[in-house]
Amino acid sequence: MISSRFFDLLHSGKPVVLDGATGTNLQARGLPTGTPSDVWVLDNPAEVIRLHHDFITAGAEVILTNTFGSSRLHLAHAGLDARFEETNRTAVALARQAAAGSEVLVAGSLGPLGEMLEPAGTLSAETAAQVYAEQARLLAEAGVDLLVIETQFDLNEALAAVRGVKSVTDLPLVCSFSYDRGTRTMMGLRPAQAAQALAGAGLAAIGINCGRSLEDNRRALDELRAATDLPIWFKPNAGLPHSDAEGRMIYDVTPAMMGEQVAGWVAGGAVLVGGCCGTSPEHLRAIAEAVRKVA
Amino acid sequence: MDEKLKAIYQCIVEGDNNGVQEHVRAALESGMDAGTILNEGLIAGMAEVGRLFEEGEYFVPEMLISARAMKSAMAILKPHLTSEQVGFAGRVAIGTVKGDLHDIGKNLVGLMLEGAGFQVIDLGSDVAPEKFVEAAKNNDVDIVAMSALLTTTMVNMKSTIAALEEAGVREKVKVMIGGAPVTEAYARQIGADGYAPDASRAVALAKSLLS
Ligand code: B1M
């Protein structure tokens with residue numbers, strides 16, 4: 001069941017507007033620090049829908065489910081594995097509800113498992129692939145339009161993730177990395193290496209999300225563009241945060257500052273654009289307006 | 001620098017696990033003082049690894065490989081350290097707080113504390129407040145040491161201190177904290193006894209807390 005709606009959007013010749021941050025915004029809306037944002041899918045669904053809605057109003061054409069940390073393994077770390085099936089299904093339903101009556105697509109978010117794979121860690125690639133497959137199957141069954149493996153840093157994990165997801169669904173798949181050590185991931189992976197390793201994997205797009213500063217992400221984009229023919233997904237953080245004495249993250253990049261960058265992203269080859277940590281609905285509105293201007 | 005120390009230092013920087021064990025054994029056999037091997041070979045090497053990581057020359061895999069080499073070298077060195085001038089400095093229960101799986105920094109701090117004569121009880125990572133309390137109660141622990149790498153788990157340092165208070169053991173122990181997002185101001189705010197920005201300063205802090 002290939003969703004042609006995503007491919008239509010992707011090949012419309014216009015940049016596609018994605019959404020902004022989930023965690024940072026839910027925290028601003030009362031999610032206690034220390035509580036994973038996925039918890040609100042079941043505990044405060046109204047606020048999750050409201051955030052999706054705010055992104056749609058701001059101009060998002062694709063929204064991501066609040067399932068970044070909802071792999072069985074990640075939930076188990078928080079003692080929440082009993083919620084696995086329900087939280088993934090419900091998260092899709094909430095996004096669908098927010099998108100109802102619009103053309104907005106729902107992308108199922110799959111985040112890192114939170115453990116290191118062999119040889120750096122102890123998790124086998126086989127297990128990792130199964131864990132991704134299991135979550136992807138649930139999200140696909142619940143009706144997402146595409147799947148996004150995001151914030152990846154370890155090529156072994158990303159390859160296992162793609163293999164796992166591909167084993168259970170034909171939905172369009174995006175794989176996106178976080179280059180948070182400048183233009184390298186924390187494992188030292190470069191955009192060109194990721195692009196090369198995933199060239200034959202059947203991805204709909206390859207991406208960059210989270211990372212460090214807007215400048216670093218921009219440099220990563222240039223490196224990635226030079227190394228791939230795939231459409232590029234680009235969802236940088238709203239700049240580099242710093243934390244205050246309470247441990248709250250502070251983002252200094254304003255919506256206007258982020259909006260100013262967008263023409264450069266599109267010129268630099270980004271086709272799907274949005275924001276990661278720190279990107280509020282106001283930031284996203286600035287991004288969407290800038291996209292409309294370049295289109 | 002002495003050739004033997006230089007070789008040990010180099011093995012740590014390069015993460016040469018077999019090499020470092022060989023060189024540490026050879027240095028001990030030649031009669032070199034274990035404290036010198038630790039400070040000028042191993043710790044100096046790990047400090048360089050930390051610098052290379054900060055500079056973006058090293059990434060997590062290199063860091064892990066060097067930390068493993070440091071660990072096996074410490075295992076060889078430990079019996080010699082305790083029998084020498086480095087006397088018993090105190091007992092520390094160390095762990096990464098609940099919800100947090102980052103243990104590279106915590107392990108380094110633990111290793112350095114051992115090197116300085118502390119007996120270290122490693123509670124691991126993702127350690128619940130109750131587990132810290134249990135350790136503080138049962139083991140004659142002098143210091144409870146907590147590490148956190150996530151802004152979302154830092155708050156569990158505060159809940160652990162609250163749990164220690166509730167269990168009536170807060171006054172029995174000193175509490176020290178560290179990890180990338182943690183600051184001196186945060187330590188003061190949550191009522192910890194001290195904060196250290198890196199492993200060598202963690203050793204200095206632990207010593208000063210017990211003096
Ligand atoms: C008691 O007294 C003391 C005193 C001093 C103490 C002390 C205690 N503890 C430490 N110190 C001090 O001494 C040490 C030596 O000098 C120092 O320890 P450090 O721990 O600071 O330094 C170490 C020697 C080296 N540094 C490290 O080991 C951390 C490196 C980075 C790259 C990192 C790693 C390695 C990992 N990670 Co994670 N990781 C990142 C880190 C980014 C970065 N570039 O720093 C960080 C910390 N991670 C982050 C994130 C978000 C995550 N990670 C995750 C997972 C992982 C891995 C498992 C892949 C791996 C950990 C492996 C392991 N076994 O530890 C996930 C969470 C898992 C979990 N529940 O814990 C996940 C949520 C990723 C995800 N999206 O799923 C970010 C945190 C953001 C934030 N501020 O909250 C992060 C800054 C990366 C980023 N740029 O976004 C001092 O702080």
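Just so it is clear, the values below take in all heavy atoms, side chains as well, and ignore hydrogens, waters and symmetry mates. Below, chain A is the first sequence line, B the second, and so on; all start at residue 1. No experiment lies behind these values; they were computed from the predicted model shown.
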Say whether S70(A) and D38(A), considering side chains only, have a donor N or O and an acceptor N or O under 3.5 Å apart. yes

Please flag which part of P119(A) lies under 4.5 Å from any non-hydrogen atom of chain B: side chain, backbone, both or neither. backbone

Between S280(A) and E282(A), do the side chains contain a donor N or O and an acceptor N or O under 3.5 Å apart? yes

Could you walk me through whether D198(B) and R201(B) satisfy the salt bridge (Lys or Arg N to Asp or Glu O under 4.0 Å) test, starting with their C-alpha distance in whole Å, then the side-chain angles of each, then the deciding distance to 0.1 Å, before giving a yes or no? CA-CA 5 Å; D198(B) 58 43; R201(B) 277 176 277 186; 2.7 Å; yes

Would you be so kind as to tabulate the donor-acceptor pairs closer than 3.5 Å made by side chains of residues 153-164 of chain B, with sequence neighbours excluded?
unit_1: T153(B); atom_1: OG1; unit_2: D100(B); atom_2: OD2; d: 2.7
unit_1: T153(B); atom_1: OG1; unit_2: L150(B); atom_2: O; d: 3.2
unit_1: N156(B); atom_1: ND2; unit_2: K98(B); atom_2: O; d: 2.8
unit_1: S159(B); atom_1: OG; unit_2: V155(B); atom_2: O; d: 3.2
unit_1: T160(B); atom_1: OG1; unit_2: N156(B); atom_2: O; d: 2.6

Can you give each donor-acceptor pair under 3.5 Å made by side-chain atoms of residues 60-67 of chain B, sequence neighbours left out, with the distance rounded to 0.1 Å?
unit_1: E62(B); atom_1: OE1; unit_2: F59(B); atom_2: N; d: 2.8
unit_1: S66(B); atom_1: OG; unit_2: I12(B); atom_2: O; d: 2.8
unit_1: S66(B); atom_1: OG; unit_2: E62(B); atom_2: O; d: 3.3

Under 4.5 Å to a heavy atom of chain B? For A120(A) that would be both

Set of residues satisfying side chain to side chain contact (heavy atoms under 4.5 Å, CB included) with respect to Q193(A), sequence neighbours excluded: L189(A), R190(A)

Interface moiety of R68(B) toward chain A, non-hydrogen atoms closer than 4.5 Å: side chain

Using a heavy-atom distance cut-off of less than 4.5 Å, which residues of residues 39-52 of chain A contact chain B? none

Contact class of E54(B) relative to chain A, heavy atoms under 4.5 angstrom: backbone

Measure across A136(B) and V173(B) and return the closest heavy-atom pair with its distance rounded to 0.1 Å. CB-CG1, 4.2 Å

Check against salt bridge (Lys or Arg N to Asp or Glu O under 4.0 Å), R170(B) and D193(B): CA-CA 11 Å; R170(B) 176 65 186 91; D193(B) 297 302; 3.0 Å; yes

